[in-house]
Amino acid sequence: MSARHWHDSRWGTLALGLAFPAALALVWQGAAAKGIIDSSVWASPWLVAKAVATQVRDPQFWSDLGASLWRDAQGTVLGILLGLGAGLALGRSALARDFFGPTLDAAKAVPIFTWVPLLAVWLGSGEEGKIAFITLVTALPVLFNTAEGVRSLEARHLELIRLYHLGRLTTFRRVVLPGAGPAILRGVHQAVLFGWLATIGAEFLFEAGNGMGTNINGFKELYALDFVVADMLAIGLVGIIFDLGFGRIEKFLLRWREDSSP
Amino acid sequence: MTQDILTLNAVAKHFAVDGRKVEALRGIDLALRPGEFTALVGASGCGKSTLLRLIAGLDAPDAGQILLNGTQVRGPSRDCGLIFQDHRLLPWLSVLQNIELALSGTTHSAQARQKLSQASLDLVGLADFANAFPRQLSGGMAQRVALARGLVNRPPLLLLDEPFSALDSLTRARLQTELLRIWAHEGNSMLLVTHDVEEAVLLADRVIVLAANPGRIQAAVDITLPRPRLRNSAEVAALKTLILQGLDDFAEAA
Amino acid sequence: MSGVVERALIIQPARRGGPDLAWVWRLRFIALPVFLLLLWQISASYGLVSLLVLPSPLQTWAALHVVCTNGTVASALEISLWRLATGYALGVVLAVPLGLAFAMSPVARKLIAPTFWFIVRVPPAAWIPFLMMLFGIGEALKLVIIAKAVMMPVTINTELAIRGIPSGWRELGRLYRLSPWLTLRRILFPATILPLFTGLRLGLMQSWQMLIFVELLASSNGIGYQLTMARQLFQLDTMLALMVVVGVAGFALDRALGVVERQLARNFGGVA
Ligand SMILES: Nc1ncnc2c1ncn2[C@@H]1O[C@H](COP(=O)(O)OP(=O)(O)OP(=O)(O)O)[C@@H](O)[C@H]1O
Ligand SMILES: [Mg+2]
């Protein structure tokens, strides 16, 4: 019913999306060139571009990025597995819900970073502490979303299971998993995003090792804002890739669902 | 000769569905006389609801003209009421408040509005549910409240989009009689969309048959039987068969 | 000892004579914390875990008493909560109009949303060096981090709230030609208040998280800073006590908003 606009095309959308950061960069560059802001402190887009070019050729950058990604992968996979198991148990068993639900619910309100000092004391400030933290951060969204997905589906499909006398395995494979699938995937999606946040956060909060957190902090000590921004762009890009990439996977896995868009 | 209350000239409407152009309505010509009861029947998806929305001024036609009392329809007006196919009650308002909503902007006092709404609610047999919330009603009850809301401001032309489709046959029969009584009393024009050919024959002065793809008027059958009409009379059955056959013929030809 | 309590809690109350244990069953949600607490105390009393690594619950309780009475908690919480309030308010004031703009103008959405999205996807930890260089470790740094944390959920939920108004309800307003004020009061406000509030609540929880994060990392006062201090001084009992304080405060904040949300749901929830 609505008419098509010029900005509905793929190129129009892309152009609009790029226009805003381009304008910001122009203003920034202009202000630095005119001396309105001190370019030795505020850098400039041109300097940032040069920093990006330098970083891309620096093996240290790639090894730090690799270290962070590996750390992230270990913690996230562990967290997702733990969260999935606990979430399924919690969703399927009313007894488990009765006993653990309220405590877990209350734990949700406790900032996750509060655990950092304790983890650091227990597991040391090195790799174990960091990975344990990432695991904790990623397990929780999977746990809560899975439990909620399984539980809310129980209410809708319990009768179906009883009506057709479905066995345990069929129930799980044909009803529970696909029914709770969207919720589980939502949890895993969150976990993937949170995992990356937690990885960078852990590298700040625990003792310095290798990784992007250390990399970016090093440039801060050197007062090189252009390199700090270059690292930020890289870290943000990884987050976006995770987000979009997982979005695609999710869409593919959920293609059986009717499109809910109006 | 009196002026028609509603005139449609070559009205057309299309939608873009999934990149394709769907002609919901093409070349609709229609005239409703004041006080006439018209029924509109047709297969699901042939554009009945779309037509009512155009007449009510909620959507604009792509081509053609819609005149209400001789003036072009540009938006919803007080002279034309609509009862939606879905009951469309606001969940956060009580039943009575939902009905009163239709009276907002009128000159009635708050007290008068309440009285009118309550009276309208009595009419559909839900007097005791004034303070209930929509979630506490069954589907059929909600539809009756919607009916009460549509009737409360007594529009000269009332459009009804399958108002009885969710009701049991007893309630339906009762409300059909009730609708006829209101119509006789108010002398207004009714345009009733229905799937139920028998309902159309029982109630209307004229039955208009809509064909699908694109939605257009296939036939118009005048019903001259005197009222009250009896559900089981031979005349009703004959007319019903005639109209159903018309629908069938078309389905075969398509 | 813990075993006895556990069994008493797990066994369904016996209905055939004997003492009525229904109240015990109703308290089952507390079994897990009680069990953990007992385990913790027992392992401390029997020296299963070094007190240097994990002080006993009684020690923690004593430390809690100390920090609550000597003013540490009161002054630190005051600073932290004030910080939270200002950063949160800043975030909401920026986010709601942004969400409105996204919902109402496709051009505004396409123009700003990608950049907004990128900014949001850069982890807060990566923002901190940048902001520290520009603002030092002063108040501005914290406000920006907290405000940014609020903005994502509030913007998204504002947009969803506006878009989520079923078109049918807006049509109702048009059909009965409700005045703009009545449309707002009867239709737009009740239809959006619940998702909007969900965003506000999520935003508060996010900003509470980020407040603690930024205080742990770059602050010289506030409750998160006290936590870091205790860790560095190896006062583990104080550290645990402060963790309890942070947890309870977050829980209280969340529950308070939960109560408001439930009331709103009762008034405007409709079908649910
Ligand atoms: N807002 C819309 N956008 C796109 N297509 C629409 C829209 N509204 C209706 N249509 C299309 O127009 C056609 C007619 O729809 P309409 O709702 O008028 O049918 P109907 O005759 O009322 O059917 P039913 O008896 O099932 O209510 C359908 O093909 C439908 O897909
Ligand atoms: Mg229809």
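In what follows, chains are A, B, ... by sequence order, proteins preceding strands, each numbered from 1. Computed from a predicted structure; not experimentally measured.
Contacts of A:A224 with chain C are made by backbone atoms alone, with heavy-atom separations under 4.5 Å and no side-chain atom involved. In this structure, chain C has a heavy atom under 4.5 Å from the side chain of A:L193, while its backbone stays farther away. Interface remark: C:R163 contributes no atoms to any contact with chain A (heavy atom separation under 4.5 Å). For A:F242, no part lies near chain C; criterion is any non-hydrogen pair under 4.5 Å. Interface remark: A:P102 contributes side-chain atoms only to the contact with chain C (heavy atom separation under 4.5 Å). Contacts between C:L240 and chain A at a heavy-atom distance below 4.5 Å involve the side chain alone, from C-beta outward. Both the backbone and the side chain of C:L111 come within contact range of chain A, judged by heavy atoms closer than 4.5 Å. Both the backbone and the side chain of C:M133 come within less than 4.5 Å of a heavy atom of chain A.
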Worksheet item: Should A:D243 and C:R121 be marked as a salt bridge (Lys or Arg N to Asp or Glu O under 4.0 Å) after you check the CA-CA gap, both sets of side-chain angles, and the distance that decides it?
Response: CA-CA 9 Å; A:D243 196 4; C:R121 276 285 164 262; 2.8 Å; yes
Item to complete: Would you check, one step at a time, whether the test side chain to side chain contact (heavy atoms under 4.5 Å, CB included) holds for A:V228 with C:F130?
Response: CA-CA 6 Å; A:V228 167; C:F130 176 76; 4.0 Å; yes
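Counting heavy-atom pairs closer than 4.5 Å to chain C, the top residue among A:A202, A:G239, A:A106, A:A19 is A:A106. Interface remark: of the candidates A:L14, A:L225, A:I216, A:L24, A:L225 forms the most heavy-atom pairs closer than 4.5 Å to chain C.
The line from CD1 of C:I112 to CG of A:L16 is 10.5 Å long, rounded to the nearest 0.5 Å.
Smallest separation of non-hydrogen atoms from A:V110 and C:G247: CG2-CA, 3.6 Å. Counting all heavy atoms, side chain and backbone alike, C:R231 lies closest to A:A120 at NH2-CB, 3.5 Å. In terms of heavy-atom proximity, A:P117 sits nearest to C:M239 at CB-SD, 3.5 Å. Closest approach of C:I212 to A:P111, counting heavy atoms only: CG1-CG, 3.6 Å. Residue C:P114 comes nearest to A:G17 through the heavy atom pair CG-CA, 3.7 Å, listed as atom of the first residue, atom of the second, then distance. Of all non-hydrogen atoms in C:P129 and A:F204, the two that sit nearest each other are CG-CZ, 3.7 Å.
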